Amino acid sequence: MDALMTRLEALLADNSIFTLQTLSYYTQGLTVTVQLVFLSLLIGLVMAVPLAIGRSSRHAWIKWPIFAYTYVFRGTPLLIQLYLIYYGVVFVEGIQETWLWFILEDPFMPALIAFTLNTAAYTTEIFRGAIKSTPKGEIEAARAYGMSTNLMLKRVVLPSAFRRALPAYGNEVIFMLHASAIASVVTIMDLTGAARFVYARFYAPFEAFLFVAAIYLCLTFAILYFFRYLEKKLLAHLQPMS
């Protein structure tokens with residue numbers, strides 16, 4: 001490891017912008033971005049499944065509050081939501097005297113909450129559409145086997161809906177990766193924050209932001225490849241016979 005660092009330092013010796021120190025900022029930013037996006041998508045996915053089931057309910061008292069939540073978070077900019085949560089927490093009476101303040105005073109947590117609520121709203125609608133488009137034949141076959149509603153959801157509706165929702169959900173993952181660039185506006189040192197730091201220090205906007213754009217591009221292609229692989233595996237039965 002020491003030999004690799006020595007070789008890398010020698011390689012960058014003639015570069016005044018991309019040094020080991022500036023690259024460490026990009027590495028830190030990449031770590032923060034991946035953590036923020038991964039955690040928000042994971043928690044949002046866990047939230048979206050029961051919300052999508054409730055959104056598909058026939059009972060108005062269940063589906064309309066969920067509809068209101070998804071409508072608000074899909075109909076307003078994520079940046080505004082982040083500002084409201086990040087700056088609005090301070091104005092909640094008495095919160096600075098509670099244990100919650102030790103968690104929320106770190107800008108990472110308000111950003112995580114905003115990103116999670118936003119992606120959960122979009123994912124809920126994606127899964128709701130996939131659940132609604134479940135073929136009637138599959139539901140009738142499950143009922144013919146005597147499955148209860150919960151068992152039918154677990155074994156038939158949700159697995160089928162997940163496969164149909166996979167392409168749209170892949171787009172949502174990419175959207176969240178790109179949207180994470182706004183996290184730097186609340187002092188989070190993510191990838192964009194690292195690029196801003198390098199730009200402010202060296203006054204080199206093209207080098208700083210083109211480099212971070214290349215990192216985002218690599219992450220996007222990795223996500224695309226991963227979801228293409230999943231689609232190929234899970235939707236293999238829909239591929240034409242050779």
Side-chain angles (χ1 to χ4, degrees), residues 34 36-78 81 112-180 216-217 219-242:
V34 171
L36 183 60
V37 174
F38 176 77
L39 289 175
S40 61
L41 288 170
L42 179 62
I43 301 172
L45 180 62
V46 173
M47 291 174 56
V49 173
L51 288 175
I53 296 172
R55 179 79 173 82
S56 305
S57 174
R58 297 179 180 178
H59 302 289
W61 63 274
I62 296 178
K63 67 179 182 180
W64 285 114
I66 300 175
F67 168 76
Y69 156 67
T70 59
Y71 182 83
V72 168
F73 277 88
R74 291 188 306 127
T76 55
L78 177 57
Q81 298 165 17
L112 179 61
I113 293 171
F115 283 25
T116 299
L117 293 176
N118 185 274
T119 189
Y122 280 95
T123 308
T124 296
E125 290 299 322
I126 291 172
F127 281 1
R128 182 193 71 87
I131 291 173
K132 282 290 186 181
S133 60
T134 302
K136 293 183 178 179
E138 294 182 6
I139 296 177
E140 292 174 357
R143 289 174 176 169
Y145 272 99
M147 292 186 183
S148 63
T149 302
N150 291 336
L151 188 60
M152 181 174 62
L153 279 172
K154 179 181 178 181
R155 293 187 176 180
V156 178
V157 176
L158 290 181
S160 177
F162 178 77
R163 289 193 294 268
R164 284 190 298 275
L166 199 57
Y169 185 67
N171 292 333
E172 170 62 15
V173 172
I174 294 173
F175 168 77
M176 285 305 302
L177 172 64
H178 295 168
S180 68
Y216 277 116
L217 196 62
L219 291 174
T220 300
F221 277 119
I223 293 171
L224 282 173
Y225 178 82
F226 174 71
F227 276 93
R228 291 283 175 84
Y229 175 78
L230 281 182
E231 290 176 30
K232 185 177 180 181
K233 289 294 183 181
L234 298 179
L235 303 178
H237 61 288
L238 298 179
Q239 299 297 326
M241 297 292 291
S242 56

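No experiment lies behind these values; they were computed from the predicted model shown.
The OH atom of Tyr216 lies 8.5 Å from the NE2 atom of His178; values are rounded to the nearest 0.5 Å. One finds the CD1 atom of Ile223 at 4.5 Å from the CG atom of Leu177 (value rounded to the nearest 0.5 Å). Atom-to-atom distance recorded for Leu78:CG and Phe175:CZ is 6.0 Å, nearest 0.5 angstrom. For the atom pair Glu138 CD and Arg155 CZ, the distance stands at 15.0 Å (nearest 0.5 Å). The structure places CG of Leu224 at 11.0 Å from CG of Leu219, a figure rounded to the nearest 0.5 Å. The OG atom of Ser148 lies 8.5 Å from the CG atom of Leu153; values are rounded to the nearest 0.5 Å.
Leu112 and Ser40 get closest at one heavy-atom pair: CD1-N, 3.6 Å. The nearest pair of heavy atoms linking Phe162 to Phe127 is CD1-CZ, 4.2 Å. Scanning all heavy atoms of the two residues, the minimum distance from Ile126 to Ala165 falls at CG2-CB, 3.7 Å. The shortest non-hydrogen separation linking Ala142 to Val156 is CB-CG2, 3.9 Å. Here the closest heavy-atom approach between residue Thr116 and residue Met47 is recorded as CG2-SD, 3.8 Å. Scanning both residues, Phe115 and Ala179, for their nearest heavy atoms gives CZ-O, 3.9 Å.
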Glu140 vs Arg143, test: salt bridge (charged side-chain N to carboxylate O under 4.0 Å, His left out). Steps then yes/no. CA-CA 5 Å; Glu140 292 174 357; Arg143 289 174 176 169; over 6 Å; no
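With hydrogens and angles disregarded, a donor-acceptor distance shorter than 3.5 Å links the side chain of Arg164 to the backbone of Ala130. At distances below 3.5 Å, at least one donor-acceptor pair connects side-chain atoms of Thr70 with backbone N or O atoms of Phe67. Gln81 places a side-chain N or O within 3.5 Å of a backbone atom of Thr76 that can act as its donor or acceptor partner.
Taking the charged nitrogens against the carboxylate oxygens, Glu125 and Arg128 do have a contact shorter than 4.0 Å, which makes a salt bridge.
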Side-chain donor-acceptor pairs of residues 167-174 under 3.5 Å, sequence neighbours excluded:
| from | atom 1 | to | atom 2 | distance (Å) |
| --- | --- | --- | --- | --- |
| Glu172 | OE2 | Thr119 | OG1 | 2.8 |

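By the 4.5 Å heavy-atom criterion applied to side chains, Ile53 and Val157 are not counted as neighbours.
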